[in-house]
Amino acid sequence: VPLTGGQPTLVMAAHPLCPCTRASVSELTRVLTKCEGQVKAYVLIFLPKHAGHGWGLTDGLRGLGTMPGVHLIDDPGGEEAARFGARTSGLVALYAQDGRLLFRGGITGGRGHEGDNEGRRALVGLIQDNSSTYRCETPVFRCPIFPASSTFAESVAR
């Protein structure tokens, strides 16, 4: 995932079979609509190494990919998500143009919950305030990308 010159870069990890991903996608759509043209977004679509039938893009993720400035990236085995330290579907990270991490967390108020929430407000504020010097973190309410016993995410993130 490249940093984009002149704009902040947003990265979201998404597990296509997580029932809560729909809420995260809806909230991200709201953020991107409000901040159109102000951010480049990359959505990492988790796929197991040996994905069988039933894996792939949901309608919500497919629709997100049609928005300007949004790039959907297949992430076999979650390797790219692990590089960003994402262990949970719905994690969003926002990086300033100079690479500083500005935001890390969830953009829903609860598991599968759509509507006004601290994460979405913070993310919109950070995208629209290019001179921001503070960092914000919010909780993520989603399903794990990796099994609880997996050390893969920890080893790749180091």
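Residue numbers start at 1 and run along the sequence shown.
- Rounding to the nearest 0.5 Å gives a distance of 5.0 Å between CD of Q38 and CD of Q128.
- Using a distance-only test at 3.5 Å, with no hydrogens or angles considered, no donor-acceptor pair links the side chain of S24 to the main chain of G90.
- Taking all atoms of both residues into account, the shortest heavy-atom contact from A86 to R104 is N-NH2, 4.4 Å.
- By the side-chain contact (heavy atoms from CB on, under 4.5 Å) test, T33 pairs with T29, M67, sequence neighbours left out.
- In this structure, CZ on F46 lies 11.5 Å from OG1 on T21, to the nearest 0.5 angstrom.
- Residue F84 holds its CZ atom at 5.0 Å from OH of Y95, rounded to the nearest 0.5 Å.
- For the atom pair M12 CE and L32 CG, the distance stands at 9.5 Å (nearest 0.5 Å).
- Between V39 and V31 the shortest side-chain heavy-atom distance does not fall below 4.5 Å.
- The distance from the CG atom of L102 to the OG1 atom of T9 is 10.0 Å, given to the nearest 0.5 Å.
- Going from atom CD1 of I45 over to atom CG of L72 covers 5.0 Å, rounded to the nearest 0.5 Å.
- Shortest non-hydrogen contact noted between G105 and V140 is C-CG2, 3.4 Å.
- Minimum heavy-atom separation, V1 to E80: N-OE2, 3.5 Å.
- Closest approach of G119 and T138 over heavy atoms only: CA-CG2, 3.8 Å.
- Among the candidates T108, I107, V70, the single residue satisfying the side-chain contact (heavy atoms from CB on, under 4.5 Å) test with L28 is I107.
- Partners of R121 according to the side-chain hydrogen bond (donor to acceptor under 3.5 Å, both in side chains) rule, which considers only residues two or more places apart in sequence or in another chain, are D116.
- Taking all atoms of both residues into account, the shortest heavy-atom contact from V43 to A14 is CG1-CB, 4.0 Å.
- Residue R22 places its CZ atom among 12 or fewer non-hydrogen atoms of other residues, nucleotides or ligands, all under 6.0 Å distant.
- Between C136 and L126, the shortest heavy-atom distance links the atoms CB-CD1, 4.2 Å.
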